[in-house]
Amino acid sequence: MKNLILLFSVLCISVASKAQDVKTICNNINTLNTAILNGSIKRQDAAAQFKPLIEQLKKVADKSSSSGWTFPLKGYKSNAIGGTNGNGYSDKGYHYLDGNKHAAHPAHDIFINDRNQDCLDDRTHQPVDVLAVGDGIVIACINEWAPSSNLRGGKFIWVYHPAQNIFTYYAHNQVIFVKPGDEVKQGQKIAEVGRTGYNAYKKRSPTHLHFSAFHLVDDLPVPYNPYLQLKKAKTI
């Protein structure tokens, strides 16, 4: 019995230690991501810091995962994606290390029914939930944004998906319910759709979720077009 108790105690300590490691790494990534966005760090220095942090996260992250994706907006499906057959996506000229100054749109804008731009669905009169497309770990987010800010993404979330070794990015949220280091499950509510962000805040922009996906190439995020994955995603 004593041996079993000792083993259980060791396992509990190990799990707690692992969780703390993940939180610390993600907080460090979040701090670095903010510096990249603000342009307060040189590109080569940012790359030199980002790569070892990602390698550390890979080692401690849980790689089990659910299959497929869940569509990132509750109550919506792929016909809410802007453009025609996903042609709103363009990653030409994008580089993660350019931060807020990047010149591209490596994303799909997913529009909600919100004619009066109050961030409520016109049918339900309720906020629209933003869902994690798959199991992952929140590595960065910002839950504060002022209309005077030039930050494009507004209140955003980055999620790392260890099983696929990819990132997903959710921007223009009204409110965020996660923080760096949090583990999220497929279909979990992580935010509510909003109008935060330099361009999204303006009246000419219909209310939408800005969604992106990134492969890791040489341990840096490189965008890819997730349109087909979004079309096949399960809806909630």
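Note that these values count all heavy atoms, side chains included, but never hydrogens, waters or copies made by symmetry.
By the 30° and 60° cut-offs, the orientation of the rings of Y169 relative to F156 is tilted. Between Y94 and F214, the ring-plane angle classifies as tilted under the 30° and 60° cut-offs. Taking the six-membered ring where tryptophan is involved, the planes of F50 and Y96 are tilted, since the angle between them lies from 30° to 60°.
N173 places no side-chain N or O within donor-acceptor distance of the main-chain N or O of V175, the cut-off being under 3.5 Å. Side-chain N or O atoms of Q188 include one that pairs as donor or acceptor with a backbone N or O of K185 at under 3.5 Å. Remark: the backbone N or O of T24 is not paired with any side-chain donor or acceptor of N27 at under 3.5 angstrom.
For K189, the NZ atom counts as densely surrounded, since its 6.0 Å shell holds more than 12 non-hydrogen atoms of other residues, nucleotides or ligands. Within a 6.0 Å sphere centred on NZ of K42, heavy atoms belonging to other residues, nucleotides or ligands number 12 at most. Heavy-atom neighbours of Y227 OH from other residues, nucleotides or ligands within 6.0 Å: above the threshold of 12. At most 12 heavy atoms of other shown residues, nucleotides or ligands fall within 6.0 angstrom of atom NZ in K231. The local environment of CZ in R123 is crowded, with over 12 non-hydrogen atoms from other residues, nucleotides or ligands closer than 6.0 Å. Within a 6.0 Å sphere centred on OH of Y201, heavy atoms belonging to other residues, nucleotides or ligands number 12 at most.
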Stepwise ring pair (Phe, Tyr, Trp, His ring centres under 6.0 Å) check, H95 with H102:
CA-CA 6 Å; H95 198 294; H102 70 78; over 10 Å; no

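For the pair P127/C119, no side-chain contact is recorded, criterion being any heavy-atom separation below 4.5 Å from C-beta on. L151 has its side chain within reach of L37: a pair of non-hydrogen atoms, C-beta onward, lies under 4.5 Å apart.
Smallest separation of non-hydrogen atoms from I41 and Q49: CD1-NE2, 3.5 Å.
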